[in-house]
2 protein chains.
Amino acid sequence: MSLQEAIAAALVKARKKRKLTQEELGYRAGYDPVYINMLERARRYPSIRAIFNLSEALGITPAALMEDVQKQIGFKPR
Amino acid sequence: MSLQEAIAAALVKARKKRKLTQEELGYRAGYDPVYINMLERARRYPSIRAIFNLSEALGITPAALMEDVQKQIGFKPR
DNA sequence: CTGTAGACTATCGTCGACA
DNA sequence: ATGTCGACGATAGTCTACA
C-alpha cells in the first residue's frame, strides 16, 4: 500500500465516520468536491495545509490522521 | 503564529535536536538543501509526501511532528 | 452521491550562482 | 553552513460538464 493510497483510505474512513458527503466535506474544508474525490481515489497528494483544513472539517487532529496513515504503511522512523 | 511558521519552527527544532545541517537533512530526505532552507524560513508549505520523507530522515514520526505544529498554533478540532 | 475528463491557475520543489 | 535570487518543470487544486 502506497502512501497515497493510505491517505486516501484514512480520509474516506474519517469522512464516513462523520457521515459527510464528499461535497459537504469540500464545502466545510474550503475545497472543490472534485478535489476531495481525487484525494479519495489516490490521485493527488494533499499539501500539509490541506491536511490541516480537512482535519478540522473532519473533527480530528492532523496528528491522529497521520497516525492512521502511518499504521497502514507501517512507517518506522530510523 | 501561522501554520507555515509553526511548521518551520518544528522542522528547525527537530533538525537541531538531531544535530544535522540543512544540507545533510536535504541529502537524507532526498530534497534540495535550498528547499529545506525555504521550509525553515516559512516560504513554502511542504506536501504530505515531503513531511513523511523529512520525518523519516529526522527520526521522528509524522504524527509527532504534526503534534508539535498543532500545539504551536493551538489547533482544536470542532 | 460519486467518478471521470480536460483545461486551467497556483504552488511545490529543483538548479546554478553568489554572499 | 546558511540565506537569497530567478528561472524553471512538476504537481496541487479549481471549474464546467456529464454519466
Side-chain angles (χ1 to χ4, degrees), chain A residues 1-60 62-63 65-66 68-70 72-73 75, chain B residues 1-60 62-63 65-66 68-70 72-73 75:
Chain A
M1 165 167 266
S2 71
L3 173 58
Q4 210 170 31
E5 289 166 342
I7 294 162
L11 286 175
V12 172
K13 187 173 144 193
R15 178 176 64 79
K16 296 208 164 162
K17 196 167 184 181
R18 275 266 158 159
K19 298 196 197 298
L20 294 172
T21 64
Q22 292 179 350
E23 191 157 342
E24 285 169 335
L25 175 56
Y27 177 72
R28 293 187 190 202
Y31 288 97
D32 195 301
V34 172
Y35 178 53
I36 303 294
N37 191 278
M38 284 173 152
L39 290 179
E40 294 194 353
R41 283 181 298 122
R43 299 306 180 86
R44 287 283 190 283
Y45 280 103
S47 67
I48 190 170
R49 191 171 14 174
I51 288 292
F52 268 75
N53 292 330
L54 290 168
S55 294
E56 185 161 19
L58 287 167
I60 58 181
L65 196 62
M66 288 308 93
D68 200 5
V69 173
Q70 284 169 210
Q72 292 184 71
I73 62 177
F75 181 92
Chain B
M1 166 167 263
S2 71
L3 174 58
Q4 210 170 30
E5 289 166 343
I7 294 161
L11 286 176
V12 172
K13 187 173 144 193
R15 177 175 65 80
K16 296 208 164 165
K17 197 168 184 180
R18 275 266 157 158
K19 297 195 197 298
L20 294 172
T21 65
Q22 292 180 348
E23 192 157 340
E24 285 168 336
L25 175 55
Y27 177 72
R28 293 187 189 200
Y31 288 98
D32 194 303
V34 171
Y35 178 53
I36 305 293
N37 192 280
M38 283 172 153
L39 290 179
E40 294 194 354
R41 284 181 297 122
R43 299 307 181 86
R44 286 283 192 280
Y45 281 102
S47 67
I48 191 169
R49 191 171 13 173
I51 288 293
F52 268 75
N53 291 330
L54 290 169
S55 294
E56 185 161 20
L58 287 167
I60 58 181
L65 196 62
M66 288 308 92
D68 200 4
V69 173
Q70 284 169 211
Q72 292 184 71
I73 63 176
F75 182 92

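First the proteins, then the strands, lettered A, B, ... as listed; each starts at 1.
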Asn37(A) side chain near dT2(C) phosphate (N/O to OP1/OP2, under 4.0 Å): no

Side-chain N,O (Arg41(B)) to OP1/OP2 (dT4(D)) below 4.0 Å: yes

What is the distance, rounded to the nearest whole Å, between atom [atom1] of [X] and atom [atom2] of [N]?
X        : N       : atom1 : atom2 : result
Asn53(B) : dC12(C) : CG    : P     : 16 Å
Leu3(A)  : dA12(D) : CG    : P     : 11 Å
Arg15(B) : dG3(D)  : CZ    : C1'   : 12 Å
Lys16(A) : dC1(C)  : NZ    : C1'   : 11 Å
Ile7(B)  : dT11(C) : CD1   : C1'   : 14 Å

Glu56(B) with Arg28(B): basic N within carboxylate O range, under 4.0 Å: no

For the student: nearest non-hydrogen atoms of Phe75(B) and Pro62(A), plus distance: CE2-CD, 3.4 Å

B/S/- contact track for nucleotides 13-19 of chain D, protein heavy atom under 4.0 Å: BBBB---

Any donor-acceptor N/O pair, Glu24(A) side chain to Thr21(A) backbone, under 3.5 Å: yes

Most 5' of Arg43(A) and Glu23(B) on DNA chain D, judged by nearest nucleotide: Glu23(B)

Within-4.5 Å side-chain heavy-atom neighbours: Leu65(A) and Leu11(A): yes

Test log, rule side-chain contact (heavy atoms from CB on, under 4.5 Å), inputs Leu39(A) and Ile7(A): CA-CA 8 Å; Leu39(A) 290 179; Ile7(A) 294 162; 5.8 Å; no

Step-by-step side-chain hydrogen bond (donor to acceptor under 3.5 Å, both in side chains) determination, Asn53(B) to Arg49(B): CA-CA 6 Å; Asn53(B) 291 330; Arg49(B) 191 171 13 173; over 6 Å; no

